[in-house]
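Remarks on the structure that follows.
From a predicted model like this one, the values you see are computed outputs, not experimental measurements. Count residues from 1 along the sequence.
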Amino acid sequence: MNRSAILVLLTGLAACSSVTRPGPTRPNIVYVLADDLGYGELGSYGQTKIHTPNLDRLAREGMRFTRHYAGAPVCAPSRCVLLTGRHLAHARIRDNKEVQPEGQQPIEAEDVTIAEVLRPAGYATAAIGKWGLGPTGSSGDPNAQGFDRFFGCVCQRVAHSYYPPHLWRDGERIVINTEPVRGHDKRADDDSIDFSAYVGATYAPDLMNAEVERFVREHANGPFFLYFAPLEPHLAMQPPREHVDEYPTDWDPEAYRGERGYLPHPRPRAGYAAMISDLDEHVGALLDLLDELGIAEDTIVMFSSDNGPTHDVGGVDTTFFASTAGLRGRKGSVFEGGLRVPMIVRWPGHVEPGTVSDHVSAFQDVMPTLAEVAGARGAETDGISFVPELLGRPQRPHGHLVWEFPGYGGQRAVIFDGWKLVQRDLRGDRPKTLLFRLTDDPGETT
């Protein structure tokens, strides 16, 4: 079955439950978390090559944050900080750590997630997309952590392919490709490279998008909390051909052959841009759905990324796209390019459209913010609600922000009073300590 047929089938099934209902007394909450999207990879953050019309629309209709920080410079610990409200010095997960046969180190039963805060307040809850905080059946299973519904990849490694063998729905393994496409390959110089070699029968994001639609339609009378974690633009590079064709052929004088990991691609720069265009399309479909159901005015939508853009691996050229908008470092680094991420909030009737905030905030702030929005009893966190900032009221600042990351030789970072202290190579014999005046030097050059 081809991609178009799958979309028609699944959209039709979801549409069967479409009913326009009155809005909730408390806002629905949608939090969208991109994977490895750089600070400078959206048009609203200065990107000039990649097309992101829907996310740019979100920024026009909401507030764009310029000093928002991920929980960690890599996937799993960053998502742990986001969902539990604990920064890296206190978080359960401090680094990516795989467990067999499928998944990552789980958060524990006593860890309280955003879903566990919102569900007692009457919210239906769903996590759809990439999880990475524990295998099915473990203490970190999303259904054991406050989510009524889960659909997607529990394991980050499975998510390296957009045509994986299976996904998970509420503890059930759902086979989607009997002939899956591995996320890693390498071709010799004389081997041909084309799109069809890395395309399977079922494109996982299509199924995730259909599940998003189904959940929103089912709970349109609200309130609901949707944590939507798309795979894009994390490698491997397998975007739909139609998005690749949106970009100039002269961008790519030669193919990427897989020599720097992940899958080859005949047009790597166009391919990477296409992955972000596909992400943008997912967000656009969600915004259109909220409009169709008449609940956009009753829904707060947040968008961010789990860390900075990937290194120049897998065919990605972050220099070509100015993916960090001049910030130093990439994914895996506690420099600004690894931690500072785009963040947009739309809340009609509450957030002034087209506003920009330089409030210094981080992932641990999301839980107390959403608890305040929902009128829920919040868990103890390291965060500070930024609801006052959203409403244009005086906002309490952080005294400092801290990251303590064991990866890449051991790193720490502290932001305080306009300064940033960075420590690197902490596991070596000669650790390095660097101090930057961040307010004057956001690129950390001096």
| field | For Asp288, all residues meeting salt bridge (Lys or Arg N to Asp or Glu O under 4.0 Å), sequence neighbours excluded | value | Arg57
Check the side chains of [Y] and [X] for a donor-acceptor pair under 3.5 angstrom, ignoring hydrogens and angles.
X	Y	value
Asp382	His90	yes
Tyr203	Asp278	yes
Asp365	Thr369	no
Ser357	Arg64	no
His68	Ser361	yes

| Considering only heavy atoms from C-beta outward, does the side chain of Thr299 approach that of Ile29 to under 4.5 Å? | no
| request: Would you indicate whether Glu110, at its atom CD, is surrounded by more than 12 heavy atoms from other residues, nucleotides or ligands within a distance under 6.0 Å? | output: yes
| request: Answer yes or no: are there more than 12 heavy-atom neighbours, outside Arg437 itself, under 6.0 Å from its atom CZ? | output: yes
With a 4.0 Å cut-off on N to O distance, would you call [X] and [Y] a salt bridge?
X	Y	value
Asp358	Arg67	no
Asp36	Lys331	yes
Glu259	Arg187	no
Lys130	Asp35	yes
Arg169	Glu172	no

Taking the six-membered ring for Trp and the single ring otherwise, decide whether the centroids of [X] and [Y] are under 6.0 Å apart.
X	Y	value
Phe195	His265	yes
His243	His51	no
Phe228	Tyr31	no

| Step-by-step ring pair (Phe, Tyr, Trp, His ring centres under 6.0 Å) determination, Tyr39 to Tyr45 | CA-CA 7 Å; Tyr39 182 79; Tyr45 283 82; 5.1 Å; yes
| field | Listed partners of Arg412 passing side chain to side chain donor-acceptor pair (under 3.5 Å), at least two apart | value | Glu404, Gln423
| request: Might you work through the ring pair (Phe, Tyr, Trp, His ring centres under 6.0 Å) test for Tyr408 and His311, ending with a clear yes or no? | output: CA-CA 13 Å; Tyr408 296 82; His311 319 285; 5.8 Å; yes
